[in-house]
Novice: 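First, the structure itself, so that you have it in front of you.
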Amino acid sequence: MFPADFRYLRAESLPHALDLLADGEDVKVLAGGQSLLPMMKLRLAVPEAVVDIGGITELAGVSPDGDRVRIGALTTYRALQRDELIAARFPAMTDALAVLADQQVRARGTVGGCVAHGDPAADLPAVLLALDASVTVAARGATRTVALGDFLRGIYATDLATGEIVTEISVGAAPPPGQAYEKFEQSASHLPLAGVCAALSVSDGVITSARVAVTGVAGRVFRSFDTERALAGAPAEPASLEASAALAADGAEPLSDQHATGPFRQHLARVLARRALARALTRATGEVPPR
Amino acid sequence: MPSATDVSVELTVNGRSCRREVPARTLLVHFLREQLGLTGTHVGCDTTQCGACTVAMDGVAVKSCTVLAAQAGGHEITTIEGIGDEGKLHPVQHAFWAEHGLQCGYCTPGMVMAVRQIIADNPDPTDADVRRGLAGNICRCTGYQNIVAAALAAAAAMRES
């Protein structure tokens, strides 16, 4: 099985890539290829030309920058997994990277590719949304930065326009230490039937703020505002988590397919929200909650 | 006569550099098997799931059915043919033999290349580490028990040597 014929164009730099992209009618950007190549093999994508940005090394790497941490679009999952700053400050990302795809796919798949692909059942977007990530996009002569929640539009649909390339994802440099990601995977693809990321701030036994994001359940990753509102100001104890997690899938229009029905996905979201919140709380307080 | 969709690919495979003109859509696994005759790398599912096509690219295990040959240009590839010596198996290969970590053998080249990566990343993996590490490799014969035993035995042998 192989893709339909295409012209292969290797970009030497970001400006070169943007020029190549602007020249063609039906051009796809190739980073690690772990989503695009399978789609091309199935003829779900049949581009006339492919611009390989994989060699643009300046688009890879994790770097702190004031109150943000910048993650280059070409940073692989494997590189992210081995990054000390990520390991120290973003335990939810570490959770997700450990259960995301498999070691071979993590070696090639990139953060930028994940976001640009817009798969509604990708793991990392839940973590990035809970961590208030933004996406930087370059076009010829312009760059813009968009909140991830606005960038992801729907099933394989994003805010990325023709001629644009995702160059960077950034997250706040001082995220709450109480964060965790939990998933229930479809065992063949390893994609989440549901995945939930929770990020909690706790002060004097009270949850002062909460962000909870859900992937795999609906046509796009979403924040569970009902859960967040129920948590804000609640005592940092299991009963609060239980009650708020029960709201995690409220209002969602769930996906339903051969792998799982919509109601089952919503059920998973509630269970996983409870688990993610419990682990996040443990990490926030350094204590194991009583059962 | 080269067409607009052909590319020139130059890469190093098992220490030897080679160059071929191929259609751009050529996947690395087909380049290895059909252009270079290195048929130890297998095509299993062809959908990035089974791992039979696993090779090392710049020393890191990847699925060669999901890498274009053109993307591998300028990089170093190691296949199953490149890891042992004639008459002296690589410790992971030896462990698969000693622990009977295969039945039909179709998945074995990919399994060996994946286990090499697991041990390179963690020289002392647990049973659970190996099973998680093999998430991207499917075996339809063994039930994995002896594959995991082989991986643990290989790790132990490599720690001692």
Side-chain angles (χ1 to χ4, degrees), chain A residues 1-12 24 28 30-55 57 74 76-79 81-82 97-110 113 185-191, chain B residues 3-9 22-31 34 43-75 110 113-118 120-122 129-130 132-138:
Chain A
M1 199 162 53
F2 36 78
D5 273 323
F6 57 86
R7 286 187 302 127
Y8 173 84
L9 308 165
R10 184 180 278 211
E12 305 298 335
K28 275 280 188 186
L30 177 67
Q34 301 303 287
S35 298
L36 179 59
L37 291 177
M39 286 186 87
M40 288 171 65
K41 286 161 77 171
L42 295 169
R43 304 297 198 275
L44 295 172
V46 191
E48 181 270 322
V50 164
V51 174
D52 182 2
I53 62 169
T57 49
L74 286 184
T76 62
Y77 297 123
R78 179 178 167 85
Q81 242 181 328
R82 301 161 82 82
L97 291 164
V99 295
L100 187 161
D102 56 55
Q103 63 169 356
Q104 294 99 317
V105 169
R106 290 195 295 269
R108 299 280 304 156
T110 67
E185 70 171 28
Q186 200 280 319
S187 55
S189 69
H190 304 297
L191 292 172
Chain B
S3 91
T5 53
D6 281 356
V7 283
S8 177
V9 175
V22 293
R25 64 177 175 169
T26 306
L27 299 164
L28 178 58
V29 67
H30 298 307
F31 187 91
E34 290 157 23
V43 180
C45 71
D46 214 353
T47 55
T48 333
Q49 295 186 37
C50 83
C53 65
T54 301
V55 300
M57 182 161 164
D58 297 333
V60 179
V62 302
K63 292 182 171 177
S64 63
C65 80
T66 312
V67 179
L68 295 174
Q71 285 179 291
H75 294 273
M113 298 306 285
V115 167
R116 263 177 101 238
Q117 186 67 57
I118 292 168
D121 288 344
N122 177 4
D129 293 335
V130 171
R132 258 197 304 275
L134 289 176
N137 292 78
I138 293 174

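Residue numbers begin at 1 in each chain, while the letters A, B, ... track the order of the sequences.
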Novice: Where do A:Tyr8 and B:Ala24 come nearest, in terms of heavy atoms and distance?
Specialist: CB-CB, 3.6 Å
Novice: Can any side-chain N or O of A:Gln104 pair as donor or acceptor with the backbone N or O of B:Ala114 at less than 3.5 Å?
Specialist: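 Pair absent, no side-chain N/O of A:Gln104 close to backbone of B:Ala114.
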Novice: Between A:Ser189, A:Ala101, A:Ala4, which shows the greatest number of heavy-atom pairs under 4.5 Å with chain B?
Specialist: A:Ala4
Novice: Need one label for B:Val43: side chain, backbone, both or neither, based on atoms under 4.5 Å from any heavy atom in chain A.
Specialist: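 The answer is neither part of B:Val43.
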Novice: With the side chain counted from C-beta on, respond yes when A:Gln81 and B:Asp121 share a heavy-atom pair under 4.5 Å apart, and no when they do not.
Specialist: no
Novice: Of the listed residues (B:Gly73, B:Ala70, B:Gly74, B:Gly133), which shares the most heavy-atom pairs with chain A below a 4.5 Å separation?
Specialist: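 Of the options given, most contacts go to B:Ala70.
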Novice: Just how far is it from atom CZ of A:Arg106 to atom CD of B:Gln117, taken to the nearest 0.5 Å?
Specialist: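 The CZ atom of A:Arg106 sits 10.0 Å away from the CD atom of B:Gln117.
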Novice: Under 4.5 Å heavy-atom distance to chain B, tell me which part of A:Asp5 shows up: side chain, backbone, both or neither.
Specialist: both
Novice: Minimum heavy-atom separation for A:Arg10 to B:Gln71, with atom names?
Specialist: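 Result for this residue pair: NH2-O, 3.9 Å.
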Novice: Taking all non-hydrogen atoms of both residues, which atom of A:Arg7 and which atom of B:Thr5 are closest, and how far apart?
Specialist: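 Shortest heavy-atom contact: N-CG2, 4.1 Å.
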Novice: Please flag which part of B:Thr54 lies under 4.5 Å from any non-hydrogen atom of chain A: side chain, backbone, both or neither.
Specialist: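 The answer is the side chain of B:Thr54.
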Novice: Given that the side chain runs from C-beta out, which part of B:Ile118 has a heavy atom under 4.5 Å from chain A: side chain, backbone, both or neither?
Specialist: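 For B:Ile118, heavy atoms of backbone and side chain both lie under 4.5 Å from chain A.
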Novice: Which atom pair, heavy atoms only, marks the closest approach of A:Asp102 to B:Lys63?
Specialist: OD2-NZ, 2.7 Å
Novice: In terms of heavy-atom proximity below 4.5 Å to chain B, should A:Ala49 be classed as side chain, backbone, both, or neither?
Specialist: neither
Novice: Which atom names give the shortest non-hydrogen contact between A:Gly33 and B:Thr66, and what distance separates them?
Specialist: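 A:Gly33 and B:Thr66 have their closest heavy atoms at O-CG2, 3.7 Å.
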Novice: Given a strict heavy-atom distance threshold of 4.5 Å, which part of A:Leu42 is in contact with chain B: side chain, backbone, both, or neither?
Specialist: neither
Novice: Side chain from CB out, backbone as N, CA, C, O: work out which of these in B:Met57 comes under 4.5 Å of a heavy atom of chain A, or both, or neither.
Specialist: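 Contact with chain A: side chain only.
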Novice: Taking all non-hydrogen atoms of both residues, which atom of A:Phe6 and which atom of B:Leu68 are closest, and how far apart?
Specialist: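 Of all heavy-atom pairs spanning A:Phe6 and B:Leu68, the closest is CZ-CD1, 3.7 Å.
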Novice: How long is the gap from CD on A:Gln103 to CZ on B:Arg132, to the nearest 0.5 Å?
Specialist: 12.0 Å
Novice: Can you tell which part of B:Val62 gets under 4.5 Å to a heavy atom of chain A, answering side chain, backbone, both or neither?
Specialist: both
